[in-house]
Enquirer: 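Sharing a structure here in structure tokens format.
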Amino acid sequence: MAKTQLGARVDDEVAELAKARAKDRGLSVGDYIAELVREDTDGLRARGLDAARRFLDEHQAIFDDTEDADRTAPGAHAA
């Protein structure tokens, strides 16, 4: 996989925490940050899917009623 170099400025305390945590996990700082980003985006996707599922659970009847009305409307299948 190709790698791109990024630059970021953070407080000294954050930099030390990142270095220490990466070392604890046996990772480079870059790999540690990549893992955090993946975890964040995977979590974001999961939260979005959960929200969509909850929305449909609450409102599915409205969509079903609309589809049923479209199927039974006169001329709905014309041409």
Side-chain angles (χ1 to χ4, degrees):
M1 176 187 299
K3 296 203 176 206
T4 299
Q5 183 173 344
L6 301 175
R9 295 188 185 276
V10 296
D11 294 337
D12 290 340
E13 179 184 359
V14 172
E16 291 305 314
L17 288 169
K19 290 175 189 175
R21 190 63 180 129
K23 183 178 178 184
D24 290 345
R25 292 178 140 191
L27 300 169
S28 68
V29 173
D31 288 341
Y32 174 61
I33 291 170
E35 188 174 292
L36 291 176
V37 170
R38 283 189 197 99
E39 288 172 1
D40 181 52
T41 56
D42 289 345
L44 180 62
R45 181 177 184 276
R47 288 191 305 272
L49 290 173
D50 286 342
R53 191 172 301 113
R54 284 191 311 274
F55 177 85
L56 286 175
D57 288 346
E58 292 177 27
H59 304 289
Q60 185 64 49
I62 295 169
F63 293 105
D64 292 343
D65 291 346
T66 302
E67 286 180 2
D68 289 344
D70 286 346
R71 277 189 226 118
T72 60
H77 300 289

Enquirer: Supply the atom-to-atom distance D11 CG to R9 CZ, rounded to the nearest 0.5 angstrom.
Expert: 12.0 Å
Enquirer: Given a cutoff of under 4.5 Å between side-chain heavy atoms of I, L, V, M, F, W and Y, with clusters grown through shared members, what are the other residues clustered with I62?
Expert: none
Enquirer: According to ring pair (Phe, Tyr, Trp, His ring centres under 6.0 Å), who are the partners of F63, at least two apart in sequence or on a separate chain?
Expert: none
Enquirer: Answer yes or no: is there an ion pair linking D57 with R54, defined by an N-O contact shorter than 4.0 Å?
Expert: no
Enquirer: For the atom pair CG (L44) and CD (E39), what is the distance rounded to the nearest 0.5 Å?
Expert: 13.5 Å
Enquirer: Taking everything shown except Q60 itself, do over 12 heavy atoms lie less than 6.0 Å from its CD?
Expert: yes
Enquirer: Would the number of heavy atoms belonging to other residues, nucleotides or ligands and lying under 6.0 Å from CG of D12 be above 12?
Expert: no
Enquirer: Identify each donor-acceptor pair in which a side-chain atom of residues 27-38 lies under 3.5 Å from a protein atom, sequence neighbours left out, and give them as a table.
Expert:
{"from": "S28", "atom 1": "OG", "to": "D31", "atom 2": "N", "distance (Å)": "3.0"}
{"from": "S28", "atom 1": "OG", "to": "D31", "atom 2": "OD2", "distance (Å)": "3.4"}
{"from": "E35", "atom 1": "OE2", "to": "R25", "atom 2": "NH1", "distance (Å)": "2.5"}

